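A quick note: this is a predicted structure, and the numbers were derived from the prediction, not measured.
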Amino acid sequence: MTLNNVAKDSRLEVVQMSVFVSSDDNANELRDIEGASVGYLESDNAADQVMSVIDGTVATEVQYKAYNNILFMADALLNGTERAIIMNSAYVDIISDQDGYEDFSDRIRELYTYSAEIQVEVRGDVTDVDSTEEKYFLSSDEDTFVIYISGIDMWGAVNARSRSDVNILAIVNMKTGHIQLVNTPRDYYVYLPNQGANDKLTHAGLYGVESSEAAIENLYGINIDYYVRMNFSGFEAIIDTLGGIDVYSEYDFTVDPIKHYTVGYNHVSGLEALAFARERHAFAAGDVQRGINQMEVIKAVINKMTSPSILAKYGEILDEVADCVMTDIPSNVIYDLVKYKLSNDVTWTIDSYTVTGTGKHTTTYSMPGTTCYVMIPNDQDVENAKSLIESVLDEE
């Protein structure tokens, strides 16, 4: 049995650059926009690669126009100033989040997509392990570690760079069987060390999982050991492969047409768990409550995955979800975590905490020239999170 399929995609991420036209445009392929004016975002270096493809396809050269404001570029496409625009596909949802652009995705059409692969750093050795080996990889110095759980806002390829809408730290202490979950809202206004500027945490995912990790490490003053990244389809696949989970809800609410959730534990399928984790409009606390619900889903998944019946077939389960999950946890570490649990019958205590903040409209690194909604961090909440993280790591 091999665990390599789970870790293989951690070596590569993909940036999906697309050529968009208006939804009523009669263009069916790149050659149909020959001689036209095409906009692109000046700060996006990957646009050059798409231009090269266009130039090699059309018979009559197109005219390129650079924009430093993505909303101005979107307006130019919608009002016909530009026949097409070149843009990272992930920006469609970012633009649709802005006031007055809610129907943006319905008013445009993807004409062509170029996928550029980017090599990323992988921690440790992802080679297979000998299933007969009894020695644990985890040493006494590795009984505590921090995992960054990232949920991106896309269906399909999990290695496509996209906004990270779920940002949860799992601080694990193997000696005490304690897991502390810390949720950071997607709109948190944080410093991105890799970009040298402030932005919403969710936008850090546009620049790779390493950018999201660096932002969270800087916020809490910690080192992240590993990450686990999944998209919507991966989220559903994991839970359905587990046979569903029992998730706790603090409120009665309905997500039409999927399910009504009651106060207490609800047994949910993958689709129902996804709806539970994504809903925010039903709650006065909005995105903060959504983060709390997401942590409840993580708790339920951990509880289900650490049951003996599931652990006994962990290899089969990992194979089922391999294409939906991206991680840099080495296969031998996964193997030894399972062995540790089976041999020691650890009962996990899982606590959760979410930081909050104050809403504001301001400029961000990824949206130059315009303002968007952000959440200014509550300093005391951040300090509380730091204390909780340190406490779990120091437990004996």
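The two residues D240 and G270 have their closest heavy-atom pair at OD1-N, 2.8 Å. The shortest heavy-atom contact between V58 and E34 is CB-CB, 3.6 Å. For S269 against I239, the heavy-atom pair with the smallest separation is C-CG2, 3.8 Å. Nearest heavy atoms, A300 versus V247: CB-CA, 4.2 Å. A pairwise comparison of heavy atoms in N68 and L41 identifies C-CD1, 4.5 Å as the closest pair. Nearest heavy-atom pair, S211 versus Q195, reported as atom, atom and distance to 0.1 Å: OG-OE1, 2.7 Å.
Residue-environment remark: CD (E110) exceeds the threshold of 12 foreign heavy atoms within 6.0 Å. Residue F72 places its CZ atom among 12 or fewer non-hydrogen atoms of other residues, nucleotides or ligands, all under 6.0 Å distant. N378 CG: more than 12 foreign heavy atoms inside a 6.0 Å radius. Enclosure of atom CD in E395 by more than 12 non-hydrogen atoms of other residues, nucleotides or ligands within 6.0 angstrom is indicated.
Salt bridge present: E396 and K175 bring a charged side-chain N and a carboxylate O closer than 4.0 Å. Contact check on R83 versus D25 returns a salt bridge, with a Lys/Arg side-chain nitrogen under 4.0 Å from an Asp/Glu carboxylate oxygen. With salt bridges taken as basic N to acidic carboxylate O contacts below 4.0 Å, none links E102 and R107. Taking 4.0 Å as the cut-off between side-chain N and carboxylate O, K200 and D187 count as a salt-bridged pair. Salt-bridge formation is detected for the pair D97/R163: a Lys NZ or Arg NE/NH1/NH2 atom is positioned less than 4.0 Å from an Asp or Glu carboxylate oxygen. Taking the charged nitrogens against the carboxylate oxygens, E296 and K299 do have a contact shorter than 4.0 Å, which makes a salt bridge. The pair E272-R278 does not count as a salt bridge, with every side-chain nitrogen at least 4.0 angstrom from each carboxylate oxygen.
Interatomic distance, R161 CZ to S115 OG, rounded to the nearest 0.5 Å: 12.5 Å. Interatomic distance, CD1 of I179 versus CD1 of I350, reported as 5.0 Å (0.5 Å rounding). The OG atom of S89 sits 11.0 Å away from the CG atom of L206 when rounded to the nearest 0.5 Å.
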Applying side-chain hydrogen bond (donor to acceptor under 3.5 Å, both in side chains), run through H267 and D246 and close with a yes or a no. CA-CA 4 Å; H267 185 78; D246 296 311; 2.9 Å; yes
Start with the C-alpha gap between E82 and S37, add the side-chain angles, then the distance that decides, and say whether side-chain hydrogen bond (donor to acceptor under 3.5 Å, both in side chains) holds. CA-CA 5 Å; E82 305 293 346; S37 180; 2.5 Å; yes
Would you please test L201 and I216 for side chain to side chain contact (heavy atoms under 4.5 Å, CB included) and show each step? CA-CA 8 Å; L201 177 57; I216 293 176; 4.0 Å; yes
Intermediate values then yes/no, side chain to side chain contact (heavy atoms under 4.5 Å, CB included), D225 and I147: CA-CA 6 Å; D225 297 294; I147 300 175; over 6 Å; no
Worked check of salt bridge (charged side-chain N to carboxylate O under 4.0 Å, His left out) between E213 and R229: CA-CA 11 Å; E213 286 184 298; R229 187 184 193 205; over 6 Å; no
Show your working on side-chain hydrogen bond (donor to acceptor under 3.5 Å, both in side chains) between Y64 and D48 and close with a plain yes or no. CA-CA 11 Å; Y64 297 108; D48 291 341; over 6 Å; no
L169 and I389: CA distance, side-chain angles, deciding distance, side chain to side chain contact (heavy atoms under 4.5 Å, CB included) verdict: CA-CA 9 Å; L169 291 177; I389 293 169; 4.2 Å; yes
Pair D199-Y188, side-chain hydrogen bond (donor to acceptor under 3.5 Å, both in side chains): steps then yes or no: CA-CA 8 Å; D199 206 331; Y188 237 43; over 6 Å; no
Evaluate the criterion side chain to side chain contact (heavy atoms under 4.5 Å, CB included) for residue pair E279 and F253; output intermediate values, then yes/no. CA-CA 9 Å; E279 178 59 34; F253 67 98; 4.0 Å; yes
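When only modelled atom types and interatomic distance are considered, D165 and T202 share a side-chain donor-acceptor pair under 3.5 Å. For the residue pair S249 / N266, no side-chain donor-acceptor distance below 3.5 Å is found, with atom types taken as modelled. Under the 3.5 Å distance criterion, with hydrogens and angles disregarded, a donor-acceptor pair is assigned to the side chains of S18 and T113. For the residue pair Y227/E210, the side-chain donor-acceptor check at 3.5 Å is not satisfied. Counted by atom type alone, Y353 and N183 present zero donor-acceptor pairs between their side chains at under 3.5 Å. Side-chain atoms of S164 and S150 form a donor-acceptor pair, as typed in the model, at a separation below 3.5 Å.
Residues Y226 and Y148 keep their aromatic ring centres 6.0 Å or farther apart. When ring centroids are compared, F104 and Y91 stay outside the 6.0 Å threshold. In this structure, F283 has its ring center closer than 6.0 angstrom to the ring center of Y251.
Residues D44 and M17 are in side-chain contact: their nearest non-hydrogen atoms beyond the backbone lie under 4.5 Å apart.
Both V166 and I245 are members of a single hydrophobic cluster when ILVMFWY side chains are connected at heavy-atom separations under 4.5 Å.
A distance-only check finds no donor-acceptor pair linking the side chain of N218 to the backbone of A214 [under 3.5 Å]. The backbone N or O of E383 lies less than 3.5 Å from a partner atom in the side chain of S387, making a donor-acceptor pair. With hydrogens and angles disregarded, a donor-acceptor distance shorter than 3.5 Å links the side chain of T327 to the backbone of I329. A distance-only check finds a donor-acceptor pair linking the side chain of E217 to the backbone of I224 [under 3.5 Å].
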